[in-house]
Protein chains: 2
Amino acid sequence: MRDLGTRVGMRAQSLYAYFPSKYAICDAMFDESNRELLRRLTEVEPTLNPVERLHQLARLFLDFCVEDPERYQLLFQRALPRFEPSPESYSAAMDVLDTASTALRACGIGDARALDVWTAVIGGIAAQQNANEPGGDRWVRLTDEITDMFLAHFRRAKDAKNMGQK
Amino acid sequence: MRDLGTRVGMRAQSLYAYFPSKYAICDAMFDESNRELLRRLTEVEPTLNPVERLHQLARLFLDFCVEDPERYQLLFQRALPRFEPSPESYSAAMDVLDTASTALRACGIGDARALDVWTAVIGGIAAQQNANEPGGDRWVRLTDEITDMFLAHFRRAKDAKNMGQK
DNA sequence: GTCTATAAGATGATAGAC
DNA sequence: GTCTATCATCTTATAGAC
(Lines give C-alpha, C1' and ligand atoms only; values in the text may rest on other atoms or scores of the structure.)
Protein backbone atom coordinates (compact mmCIF):
# COMPACT_ATOMS: atom_id res chain seq x y z
CA MET A 1 0.00 0.00 0.00
CA ARG A 2 2.81 2.41 0.89
CA ASP A 3 4.67 1.67 -2.37
CA LEU A 4 1.52 1.98 -4.40
CA GLY A 5 0.64 5.27 -2.71
CA THR A 6 4.10 6.66 -3.46
CA ARG A 7 3.79 5.58 -7.10
CA VAL A 8 0.60 7.59 -7.51
CA GLY A 9 1.91 10.50 -5.44
CA MET A 10 0.04 9.89 -2.21
CA ARG A 11 0.35 8.48 1.25
CA ALA A 12 -0.93 4.95 1.68
CA GLN A 13 -3.83 6.10 3.85
CA SER A 14 -5.19 8.36 1.14
CA LEU A 15 -5.84 5.34 -1.07
CA TYR A 16 -8.71 4.46 1.26
CA ALA A 17 -10.59 7.48 -0.07
CA TYR A 18 -10.80 5.58 -3.39
CA PHE A 19 -10.91 1.92 -2.38
CA PRO A 20 -12.31 0.24 0.73
CA SER A 21 -9.48 -2.28 1.10
CA LYS A 22 -6.27 -3.67 -0.34
CA TYR A 23 -8.13 -6.49 -2.06
CA ALA A 24 -10.50 -4.02 -3.72
CA ILE A 25 -7.42 -2.41 -5.27
CA CYS A 26 -6.13 -5.81 -6.41
CA ASP A 27 -9.50 -6.53 -7.94
CA ALA A 28 -9.56 -3.19 -9.78
CA MET A 29 -6.07 -3.85 -11.14
CA PHE A 30 -7.05 -7.39 -12.14
CA ASP A 31 -10.10 -6.04 -13.95
CA GLU A 32 -8.37 -3.13 -15.63
CA SER A 33 -5.43 -5.29 -16.76
CA ASN A 34 -7.70 -7.88 -18.34
CA ARG A 35 -9.63 -5.14 -20.15
CA GLU A 36 -6.38 -3.66 -21.44
CA LEU A 37 -5.24 -7.08 -22.66
CA LEU A 38 -8.60 -7.65 -24.32
CA ARG A 39 -8.41 -4.24 -25.97
CA ARG A 40 -5.05 -5.09 -27.50
CA LEU A 41 -6.20 -8.50 -28.68
CA THR A 42 -9.33 -7.11 -30.34
CA GLU A 43 -7.16 -4.66 -32.29
CA VAL A 44 -5.79 -7.53 -34.37
CA GLU A 45 -7.02 -7.23 -37.93
CA PRO A 46 -10.08 -9.52 -38.11
CA THR A 47 -9.64 -10.05 -41.85
CA LEU A 48 -6.25 -11.75 -41.45
CA ASN A 49 -6.16 -15.43 -42.30
CA PRO A 50 -6.88 -17.44 -39.13
CA VAL A 51 -3.40 -18.93 -38.76
CA GLU A 52 -1.64 -15.56 -39.04
CA ARG A 53 -4.21 -14.15 -36.64
CA LEU A 54 -3.44 -16.84 -34.06
CA HIS A 55 0.27 -16.10 -34.36
CA GLN A 56 -0.35 -12.42 -33.81
CA LEU A 57 -2.63 -13.00 -30.83
CA ALA A 58 0.03 -15.22 -29.24
CA ARG A 59 2.70 -12.58 -29.74
CA LEU A 60 0.52 -9.80 -28.32
CA PHE A 61 -0.41 -11.94 -25.32
CA LEU A 62 3.22 -12.72 -24.56
CA ASP A 63 4.35 -9.13 -24.99
CA PHE A 64 1.69 -8.19 -22.46
CA CYS A 65 2.85 -10.92 -20.04
CA VAL A 66 6.54 -10.05 -20.11
CA GLU A 67 6.31 -6.26 -20.14
CA ASP A 68 5.14 -6.29 -16.50
CA PRO A 69 5.97 -9.48 -14.58
CA GLU A 70 4.14 -8.34 -11.44
CA ARG A 71 0.96 -7.77 -13.40
CA TYR A 72 1.49 -11.18 -14.99
CA GLN A 73 1.68 -12.73 -11.51
CA LEU A 74 -1.53 -11.02 -10.43
CA LEU A 75 -3.45 -12.12 -13.51
CA PHE A 76 -2.14 -15.60 -14.20
CA GLN A 77 -0.25 -17.01 -11.23
CA ARG A 78 -2.74 -16.49 -8.42
CA ALA A 79 0.29 -15.14 -6.59
CA LEU A 80 -1.47 -13.01 -3.97
CA PRO A 81 -2.54 -15.23 -1.10
CA ARG A 82 -6.23 -15.00 -0.31
CA PHE A 83 -6.97 -12.80 -3.34
CA GLU A 84 -9.85 -14.01 -5.49
CA PRO A 85 -11.17 -11.84 -8.32
CA SER A 86 -14.78 -10.74 -7.99
CA PRO A 87 -17.32 -12.26 -10.41
CA GLU A 88 -17.35 -9.03 -12.46
CA SER A 89 -13.58 -8.84 -12.95
CA TYR A 90 -13.41 -12.60 -13.45
CA SER A 91 -15.68 -12.23 -16.45
CA ALA A 92 -13.11 -9.91 -18.07
CA ALA A 93 -10.62 -12.77 -17.76
CA MET A 94 -13.10 -15.09 -19.43
CA ASP A 95 -13.44 -12.64 -22.32
CA VAL A 96 -9.69 -12.96 -22.90
CA LEU A 97 -10.00 -16.73 -22.92
CA ASP A 98 -12.90 -16.47 -25.38
CA THR A 99 -10.66 -14.57 -27.78
CA ALA A 100 -8.30 -17.55 -27.83
CA SER A 101 -11.14 -20.01 -28.13
CA THR A 102 -12.66 -18.14 -31.10
CA ALA A 103 -9.31 -17.78 -32.85
CA LEU A 104 -8.69 -21.52 -32.52
CA ARG A 105 -12.11 -22.36 -33.90
CA ALA A 106 -11.35 -20.14 -36.91
CA CYS A 107 -8.32 -22.40 -37.49
CA GLY A 108 -10.60 -25.42 -37.46
CA ILE A 109 -9.72 -26.34 -33.89
CA GLY A 110 -12.87 -26.44 -31.75
CA ASP A 111 -11.85 -29.07 -29.23
CA ALA A 112 -11.99 -28.01 -25.55
CA ARG A 113 -8.97 -30.22 -24.96
CA ALA A 114 -7.03 -28.32 -27.62
CA LEU A 115 -7.84 -25.03 -25.90
CA ASP A 116 -6.32 -26.36 -22.68
CA VAL A 117 -3.20 -27.43 -24.57
CA TRP A 118 -3.05 -23.95 -26.09
CA THR A 119 -3.25 -22.18 -22.71
CA ALA A 120 -0.63 -24.58 -21.33
CA VAL A 121 1.94 -24.03 -24.08
CA ILE A 122 1.43 -20.27 -24.41
CA GLY A 123 1.18 -19.81 -20.64
CA GLY A 124 4.32 -21.92 -20.29
CA ILE A 125 6.30 -19.50 -22.44
CA ALA A 126 5.32 -16.61 -20.18
CA ALA A 127 5.97 -18.61 -17.00
CA GLN A 128 9.46 -19.68 -18.06
CA GLN A 129 10.39 -16.24 -19.39
CA ASN A 130 9.30 -14.35 -16.29
CA ALA A 131 10.69 -16.87 -13.82
CA ASN A 132 14.07 -17.50 -15.40
CA GLU A 133 14.94 -14.47 -17.48
CA PRO A 134 12.61 -11.56 -16.69
CA GLY A 135 12.96 -8.82 -19.27
CA GLY A 136 14.63 -11.12 -21.82
CA ASP A 137 13.31 -12.99 -24.85
CA ARG A 138 14.89 -16.45 -24.63
CA TRP A 139 11.47 -18.15 -24.41
CA VAL A 140 9.29 -15.49 -25.97
CA ARG A 141 11.15 -15.78 -29.26
CA LEU A 142 10.02 -19.42 -29.49
CA THR A 143 6.37 -18.33 -29.73
CA ASP A 144 5.97 -18.68 -33.51
CA GLU A 145 7.61 -22.10 -33.56
CA ILE A 146 5.45 -23.34 -30.67
CA THR A 147 2.33 -21.98 -32.35
CA ASP A 148 3.22 -23.86 -35.55
CA MET A 149 3.92 -27.02 -33.55
CA PHE A 150 0.50 -26.69 -31.92
CA LEU A 151 -1.28 -26.05 -35.24
CA ALA A 152 0.42 -28.96 -36.97
CA HIS A 153 -0.60 -31.30 -34.18
CA PHE A 154 -4.26 -30.33 -33.91
CA ARG A 155 -4.91 -29.78 -37.60
CA ARG A 156 -3.51 -33.24 -38.27
CA ALA A 157 -5.78 -34.67 -35.56
CA LYS A 158 -8.72 -32.98 -37.23
CA ASP A 159 -7.78 -34.18 -40.74
CA ALA A 160 -7.43 -37.74 -39.45
CA LYS A 161 -10.89 -37.50 -37.92
CA ASN A 162 -12.46 -36.14 -41.11
CA MET A 163 -10.88 -38.90 -43.19
CA GLY A 164 -12.35 -41.49 -40.85
CA GLN A 165 -15.80 -39.95 -41.32
CA LYS A 166 -15.66 -39.99 -45.10
CA MET B 1 8.25 -18.84 10.32
CA ARG B 2 5.44 -19.32 12.85
CA ASP B 3 3.60 -21.72 10.55
CA LEU B 4 6.75 -23.64 9.75
CA GLY B 5 7.69 -23.83 13.44
CA THR B 6 4.24 -25.14 14.33
CA ARG B 7 4.45 -27.73 11.57
CA VAL B 8 7.67 -29.13 13.01
CA GLY B 9 6.44 -28.80 16.61
CA MET B 10 8.34 -25.70 17.67
CA ARG B 11 8.09 -22.01 18.22
CA ALA B 12 9.31 -19.86 15.33
CA GLN B 13 12.27 -18.60 17.35
CA SER B 14 13.62 -22.09 17.94
CA LEU B 15 14.19 -22.51 14.21
CA TYR B 16 17.11 -20.09 14.54
CA ALA B 17 18.98 -22.80 16.44
CA TYR B 18 19.08 -24.72 13.13
CA PHE B 19 19.19 -21.99 10.48
CA PRO B 20 20.67 -18.48 10.59
CA SER B 21 17.80 -16.84 8.70
CA LYS B 22 14.54 -17.32 6.85
CA TYR B 23 16.31 -17.35 3.50
CA ALA B 24 18.67 -20.07 4.70
CA ILE B 25 15.55 -22.18 5.35
CA CYS B 26 14.19 -21.39 1.90
CA ASP B 27 17.52 -22.35 0.41
CA ALA B 28 17.59 -25.66 2.30
CA MET B 29 14.03 -26.44 1.12
CA PHE B 30 14.96 -25.46 -2.43
CA ASP B 31 17.98 -27.73 -2.31
CA GLU B 32 16.24 -30.67 -0.67
CA SER B 33 13.25 -30.46 -3.02
CA ASN B 34 15.43 -30.49 -6.10
CA ARG B 35 17.34 -33.47 -4.76
CA GLU B 36 14.10 -35.32 -4.11
CA LEU B 37 12.89 -34.55 -7.62
CA LEU B 38 16.20 -35.70 -9.07
CA ARG B 39 16.02 -38.89 -7.00
CA ARG B 40 12.60 -39.70 -8.46
CA LEU B 41 13.69 -38.93 -12.01
CA THR B 42 16.80 -41.11 -11.77
CA GLU B 43 14.62 -44.03 -10.64
CA VAL B 44 13.14 -44.26 -14.16
CA GLU B 45 14.32 -47.51 -15.79
CA PRO B 46 17.32 -46.47 -17.91
CA THR B 47 16.79 -49.37 -20.32
CA LEU B 48 13.40 -48.10 -21.48
CA ASN B 49 13.24 -46.88 -25.05
CA PRO B 50 13.99 -43.14 -25.12
CA VAL B 51 10.49 -42.01 -26.10
CA GLU B 52 8.78 -44.00 -23.35
CA ARG B 53 11.44 -42.74 -20.94
CA LEU B 54 10.68 -39.11 -21.87
CA HIS B 55 6.98 -39.70 -21.29
CA GLN B 56 7.65 -41.17 -17.88
CA LEU B 57 10.00 -38.35 -16.88
CA ALA B 58 7.34 -35.81 -17.87
CA ARG B 59 4.68 -37.59 -15.80
CA LEU B 60 6.95 -37.86 -12.76
CA PHE B 61 7.93 -34.20 -13.04
CA LEU B 62 4.31 -33.10 -13.21
CA ASP B 63 3.21 -35.34 -10.35
CA PHE B 64 5.94 -33.71 -8.30
CA CYS B 65 4.80 -30.20 -9.31
CA VAL B 66 1.13 -30.66 -8.51
CA GLU B 67 1.42 -32.68 -5.30
CA ASP B 68 2.67 -29.57 -3.47
CA PRO B 69 1.83 -26.25 -5.16
CA GLU B 70 3.76 -24.19 -2.60
CA ARG B 71 6.89 -26.22 -3.19
CA TYR B 72 6.28 -25.77 -6.92
CA GLN B 73 6.16 -22.00 -6.42
CA LEU B 74 9.42 -22.01 -4.47
CA LEU B 75 11.25 -24.10 -7.09
CA PHE B 76 9.87 -22.83 -10.38
CA GLN B 77 8.04 -19.56 -9.98
CA ARG B 78 10.60 -17.46 -8.12
CA ALA B 79 7.62 -16.56 -5.95
CA LEU B 80 9.48 -15.46 -2.81
CA PRO B 81 10.62 -11.87 -3.25
CA ARG B 82 14.33 -11.38 -2.70
CA PHE B 83 15.02 -15.12 -2.46
CA GLU B 84 17.83 -16.36 -4.69
CA PRO B 85 19.10 -19.92 -4.35
CA SER B 86 22.74 -20.26 -3.32
CA PRO B 87 25.19 -21.57 -5.96
CA GLU B 88 25.22 -25.00 -4.27
CA SER B 89 21.45 -25.47 -4.26
CA TYR B 90 21.19 -23.93 -7.73
CA SER B 91 23.41 -26.72 -9.01
CA ALA B 92 20.82 -29.26 -7.83
CA ALA B 93 18.29 -27.47 -10.04
CA MET B 94 20.71 -27.71 -12.94
CA ASP B 95 21.01 -31.45 -12.38
CA VAL B 96 17.25 -31.73 -12.86
CA LEU B 97 17.50 -29.78 -16.10
CA ASP B 98 20.35 -32.05 -17.23
CA THR B 99 18.06 -35.05 -16.81
CA ALA B 100 15.66 -33.51 -19.32
CA SER B 101 18.47 -32.50 -21.65
CA THR B 102 19.94 -36.03 -21.65
CA ALA B 103 16.54 -37.67 -22.18
CA LEU B 104 15.89 -35.41 -25.17
CA ARG B 105 19.26 -36.19 -26.69
CA ALA B 106 18.45 -39.89 -26.37
CA CYS B 107 15.40 -39.16 -28.51
CA GLY B 108 17.62 -37.59 -31.13
CA ILE B 109 16.83 -34.05 -30.01
CA GLY B 110 20.01 -32.23 -29.06
CA ASP B 111 19.04 -28.68 -29.94
CA ALA B 112 19.27 -26.13 -27.11
CA ARG B 113 16.24 -24.42 -28.61
CA ALA B 114 14.25 -27.65 -28.34
CA LEU B 115 15.16 -27.93 -24.66
CA ASP B 116 13.72 -24.46 -24.08
CA VAL B 117 10.52 -25.47 -25.88
CA TRP B 118 10.38 -28.60 -23.72
CA THR B 119 10.68 -26.65 -20.45
CA ALA B 120 8.07 -24.18 -21.70
CA VAL B 121 5.42 -26.77 -22.60
CA ILE B 122 5.99 -29.03 -19.59
CA GLY B 123 6.33 -26.07 -17.23
CA GLY B 124 3.18 -24.62 -18.77
CA ILE B 125 1.17 -27.69 -17.80
CA ALA B 126 2.25 -27.30 -14.17
CA ALA B 127 1.66 -23.54 -14.19
CA GLN B 128 -1.89 -23.83 -15.57
CA GLN B 129 -2.80 -26.73 -13.32
CA ASN B 130 -1.60 -25.11 -10.11
CA ALA B 131 -2.96 -21.66 -10.93
CA ASN B 132 -6.40 -22.63 -12.20
CA GLU B 133 -7.26 -25.99 -10.69
CA PRO B 134 -4.88 -26.88 -7.86
CA GLY B 135 -5.26 -30.50 -6.88
CA GLY B 136 -7.02 -31.43 -10.13
CA ASP B 137 -5.78 -33.05 -13.35
CA ARG B 138 -7.40 -31.05 -16.15
CA TRP B 139 -4.01 -30.00 -17.56
CA VAL B 140 -1.83 -32.76 -16.15
CA ARG B 141 -3.78 -35.39 -18.08
CA LEU B 142 -2.69 -33.68 -21.33
CA THR B 143 0.96 -34.50 -20.61
CA ASP B 144 1.24 -37.54 -22.90
CA GLU B 145 -0.43 -35.76 -25.80
CA ILE B 146 1.77 -32.69 -25.40
CA THR B 147 4.87 -34.88 -25.19
CA ASP B 148 3.88 -36.60 -28.45
CA MET B 149 3.19 -33.23 -30.07
CA PHE B 150 6.64 -32.06 -29.01
CA LEU B 151 8.35 -35.24 -30.24
CA ALA B 152 6.57 -35.18 -33.60
CA HIS B 153 7.63 -31.57 -34.15
CA PHE B 154 11.31 -31.91 -33.27
CA ARG B 155 11.87 -35.34 -34.75
CA ARG B 156 10.43 -34.08 -38.02
CA ALA B 157 12.74 -31.05 -37.86
CA LYS B 158 15.66 -33.41 -37.36
CA ASP B 159 14.61 -35.75 -40.20
CA ALA B 160 14.24 -32.81 -42.57
CA LYS B 161 17.75 -31.68 -41.64
CA ASN B 162 19.24 -35.14 -42.20
CA MET B 163 17.56 -35.45 -45.57
CA GLY B 164 19.06 -32.13 -46.59
CA GLN B 165 22.53 -33.38 -45.64
CA LYS B 166 22.28 -36.57 -47.68
C1' DG C 1 17.43 -27.70 22.54
C1' DT C 2 13.42 -25.28 23.39
C1' DC C 3 11.34 -21.86 25.84
C1' DT C 4 9.76 -16.66 27.23
C1' DA C 5 10.47 -12.03 26.52
C1' DT C 6 11.30 -8.65 23.55
C1' DA C 7 13.11 -5.81 19.92
C1' DA C 8 12.66 -3.12 15.42
C1' DG C 9 10.27 -2.66 11.53
C1' DA C 10 6.49 -3.60 8.24
C1' DT C 11 1.55 -4.20 7.28
C1' DG C 12 -3.50 -3.00 6.51
C1' DA C 13 -6.50 0.15 8.28
C1' DT C 14 -9.11 4.19 11.03
C1' DA C 15 -9.86 8.98 13.06
C1' DG C 16 -9.81 13.47 12.60
C1' DA C 17 -7.45 18.08 11.20
C1' DC C 18 -7.02 21.22 7.20
C1' DG D 1 -8.96 15.09 -1.22
C1' DT D 2 -4.86 14.63 1.17
C1' DC D 3 -2.60 15.05 5.23
C1' DT D 4 -0.73 13.65 10.28
C1' DA D 5 -1.22 10.70 13.94
C1' DT D 6 -2.13 6.46 15.48
C1' DC D 7 -3.64 1.52 15.95
C1' DA D 8 -3.40 -3.49 16.27
C1' DT D 9 -1.21 -6.94 14.29
C1' DC D 10 2.29 -9.39 12.03
C1' DT D 11 7.18 -10.26 10.65
C1' DT D 12 12.09 -11.62 11.18
C1' DA D 13 15.28 -11.89 14.51
C1' DT D 14 18.09 -11.63 19.21
C1' DA D 15 18.98 -12.37 24.30
C1' DG D 16 18.93 -15.01 27.94
C1' DA D 17 16.53 -18.37 31.30
C1' DC D 18 15.85 -23.37 32.11
Side-chain angles (χ1 to χ4, degrees), chain A residues 1-37 65 67-93 127 130-132 134-135, chain B residues 1-36 67-93 127 130-132 134-135:
Chain A
M1 298 292 286
R2 271 142 174 104
D3 290 351
L4 176 60
T6 304
R7 278 228 252 174
V8 297
M10 276 182 191
R11 289 291 142 104
Q13 305 93 305
S14 304
L15 296 168
Y16 287 89
Y18 301 89
F19 298 95
S21 73
K22 185 181 80 154
Y23 291 110
I25 296 177
C26 291
D27 199 54
M29 292 197 298
F30 183 93
D31 190 57
E32 191 183 85
S33 295
N34 272 301
R35 287 179 197 281
E36 164 66 9
L37 174 54
C65 286
E67 79 186 25
D68 186 341
E70 299 189 3
R71 180 180 63 188
Y72 163 77
Q73 284 198 359
L74 175 69
L75 265 62
F76 303 113
Q77 306 268 44
R78 295 270 190 280
L80 274 109
R82 288 174 291 279
F83 166 67
E84 289 281 339
S86 65
E88 307 89 71
S89 66
Y90 191 76
S91 89
N130 282 333
N132 299 308
Chain B
M1 297 294 285
R2 273 151 171 92
D3 291 350
L4 176 60
T6 303
R7 278 228 253 174
V8 298
M10 277 182 192
R11 290 286 137 103
Q13 305 93 307
S14 304
L15 295 167
Y16 287 89
Y18 300 90
F19 297 95
S21 76
K22 184 180 81 153
Y23 292 110
I25 297 177
C26 290
D27 199 53
M29 294 198 296
F30 183 93
D31 190 57
E32 191 182 85
S33 296
N34 272 301
R35 286 178 197 278
E36 164 65 10
E67 78 185 27
D68 187 339
E70 300 189 1
R71 179 181 62 188
Y72 163 76
Q73 286 198 358
L74 174 69
L75 265 62
F76 303 113
Q77 305 269 46
R78 294 272 190 280
L80 274 110
R82 287 172 292 278
F83 167 67
E84 290 278 341
S86 64
E88 305 89 71
S89 66
Y90 190 76
S91 88
N130 281 332
N132 299 309

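Just so you know, these numbers use all the heavy atoms, side chains as well, and skip hydrogens, waters and symmetry mates. Order of the sequence lines fixes the chain letters, A, B, ..., with proteins taken first and strands second; residue numbering starts at 1 for each chain. In this text, all values refer to a predicted model and were calculated from it rather than measured experimentally.
Taking atom CE on A:Met1 and atom P on C:dT14, their separation rounds to 10 Å, with Å as the unit. In this structure, OH of A:Tyr16 is placed 16 Å from C1' of D:dC3, rounded to the nearest angstrom. Rounding to whole angstrom units, CG of residue A:Leu15 and C1' of C:dT14 are separated by 14 Å. In this structure, CD of B:Gln13 is placed 12 Å from P of D:dT11, rounded to the nearest angstrom. Spacing between atom CZ of B:Phe19 and atom P of D:dT12 amounts to 15 Å, rounded to whole angstrom units. Atom P of nucleotide C:dG12 and atom CD1 of A:Ile25 are separated by 9 Å, given to the nearest angstrom. Separating the NZ atom of B:Lys22 from the P atom of C:dG9 is a distance of 17 Å, rounded to the nearest angstrom.
B:Met1 CE to B:Ser21 OG: the interatomic distance, rounded to the nearest 0.5 Å, is 8.0 Å. Note that CZ of B:Phe19 is 10.5 Å distant from SG of B:Cys26, once rounded to the nearest 0.5 Å. The structure places CD of A:Glu84 at 9.5 Å from CZ of A:Phe30, a figure rounded to the nearest 0.5 Å. For the atom pair B:Leu80 CG and B:Leu74 CG, the distance stands at 6.0 Å (nearest 0.5 Å).
Neither OP1 nor OP2 of C:dG1 sits under 4.0 Å from any side-chain N or O of B:Ser14.
Residues of residues 3-12 of chain A having a heavy atom closer than 4.0 Å to DNA chain D, listed by number: A:Met10, A:Arg11. Of the residues in residues 78-85 of chain B, none has a non-hydrogen atom less than 4.0 angstrom from any atom of DNA chain D.
Heavy-atom neighbours of B:Phe83 CZ from other residues, nucleotides or ligands within 6.0 Å: above the threshold of 12. Within a 6.0 Å sphere centred on CD of B:Glu70, other residues, nucleotides and ligands contribute 12 heavy atoms or fewer.
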* To do: Begin from the C-alpha positions of B:Asn130 and B:Gln73 and carry the test side chain to side chain contact (heavy atoms under 4.5 Å, CB included) through to its verdict.
  => CA-CA 9 Å; B:Asn130 281 332; B:Gln73 286 198 358; over 6 Å; no

Margin query: Under the criterion side chain to side chain contact (heavy atoms under 4.5 Å, CB included), I'd like the reasoning laid out for B:Asn132 against A:Phe76: C-alpha separation, chi angles, the key distance, then a yes or no.
Written below: CA-CA 8 Å; B:Asn132 299 309; A:Phe76 303 113; over 6 Å; no

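The A:Tyr18 side chain lies nearest to D:dT2 when the options are D:dT2, C:dT2, D:dA13.
A salt bridge links A:Asp31 with A:Arg35: the closest approach of a Lys/Arg side-chain nitrogen to an acidic carboxylate oxygen falls below 4.0 angstrom.
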